[in-house]
Protein chains: 2
Amino acid sequence: MDIELNQVAADQQRVAIFKALAEPNRLRIIRVLYHEHREMTCSEVGAQLQISKSTVSYHFKALRLVGLTNTRQVAQTKYLSLQLATFDRYLPGFLATL
Amino acid sequence: MDIELNQVAADQQRVAIFKALAEPNRLRIIRVLYHEHREMTCSEVGAQLQISKSTVSYHFKALRLVGLTNTRQVAQTKYLSLQLATFDRYLPGFLATL
DNA sequence: CTACTAGTTCGATGGCTATCGAATCAAGAG
DNA sequence: CTCTTGATTCGATAGCCATCGAACTAGTAG
């Protein structure tokens with residue numbers, strides 16, 4: 001197991017996570033999920049942030065791909081929630097600053 | 001003092017910080033500054049990361065503008081170091097994960 | 001079956017940004 | 001003064017990305 005290769009891989013993950021959080025709407029989604037600590041659907045987020053549902057779907061995918069959120073599907077509705085393990089690993093203490 | 005306006009301002013700062021960190025070369029600069037906990041010059045960084053000095057200067061400026069680093073000038077040489085207060089405020093615990 | 005609801009995907013577009021070399025500047029060295 | 005060194009700025013370029021509407025899928029209600 002090469003330590004330097006792990007370093008590179010971890011860095012790629014860090015960069016991906018920072019990119020995901022470097023967008024106002026995604027950051028607002030994270031805050032709502034954290035503060036109201038509940039799940040949200042695409043429709044709810046779209047209504048609250050005043051952006052189209054296709055854009056919301058795009059942001060949901062971006063957050064999920066880097067492991068910051070996970071999705072629970074009930075019928076045709078998908079509920080988004082925070083993946084706390086990822087925050088603990090890469091950004092410990094960050095959520096509490098929101 | 002309007003709480004919501006503070007929220008918006010803090011979010012803009014957060015997004016700016018995440019953008020600054022969402023770039024592989026800048027992240028490497030941060031790690032070197034942290035792990036070897038010393039100051040570095042543009043020339044040193046350019047030699048170590050194999051990028052042109054104009055690009056290094058560009059990254060230094062990006063990091064400084066969002067308050068992640070500060071600069072100490074000695075003659076015509078500028079030394080970069082971490083602004084730990086900013087990390088503590090917006091990303092407590094992050095540096096220790098590097 | 002039809003209509004509605006929740007999401008995804010696609011194509012296009014406008015804007016941002018990382019990168020470089022060249023030009024410039026300031027400060028010492030000789 | 002001239003040359004070198006460390007750094008900034010500028011202009012250009014290429015690539016990425018947030019946004020939207022439209023088209024599509026799938027599940028549910030009437």
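The figures that follow rest on heavy atoms only: side chains count, while hydrogens, waters and symmetry mates do not.
- Checking side-chain atoms of A/Gln73 against main-chain N and O of A/Tyr79 turns up no donor-acceptor pair under 3.5 Å.
- The interatomic distance linking B/Leu21 (CG) with C/dA18 (P) rounds to 12 Å, in whole Å.
- In the hydrophobic cluster analysis, where Ile, Leu, Val, Met, Phe, Trp and Tyr join through side-chain heavy atoms closer than 4.5 angstrom, A/Leu68 is grouped together with A/Leu27.
- Between B/Glu44 atom CD and D/dG6 atom C1' there is a gap of 11 Å when expressed in whole angstrom units.
- Remark: the backbone N or O of B/Ser54 is not paired with any side-chain donor or acceptor of B/His59 at under 3.5 angstrom.
- Applying the 6.0 Å contact sphere to CZ of B/Arg38 captures more than 12 heavy atoms from other residues, nucleotides or ligands.
- Side-chain contact annotation: B/Arg31 with A/Gln7, donor-acceptor N/O pair under 3.5 Å present.
- In this entry the distance linking CG of A/Leu63 with P of C/dT8 reads 12 Å, nearest Å.
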Legend entry - Under 4.0 Å protein heavy-atom contact, by nucleotide of nucleotides 8-20 of chain D - B base, S sugar-phosphate only: BB-------SBBB
Can you check nucleotides 28-30 of chain D for protein contacts, nitrogen or oxygen pairs under 3.5 Å, and list what you find?
none

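- Tracing side-chain contacts under 4.5 Å through hydrophobic residues (I, L, V, M, F, W, Y), one reaches A/Leu98 starting from A/Leu49; they form part of the same cluster.
- B/Leu84 and B/Val32 end up in the same hydrophobic cluster when Ile, Leu, Val, Met, Phe, Trp and Tyr side chains are linked at under 4.5 Å.
- For the atom pair CZ of A/Phe94 and CG of A/Asp88, the computed distance is 12.5 Å after rounding to the nearest 0.5 Å.
- Atoms CE (B/Met40) and P (D/dA7) sit 11 Å apart, rounded to a whole Å.
- Contact annotation: A/Thr77 side-chain N/O to C/dT5 OP1/OP2 distance is not under 4.0 Å.
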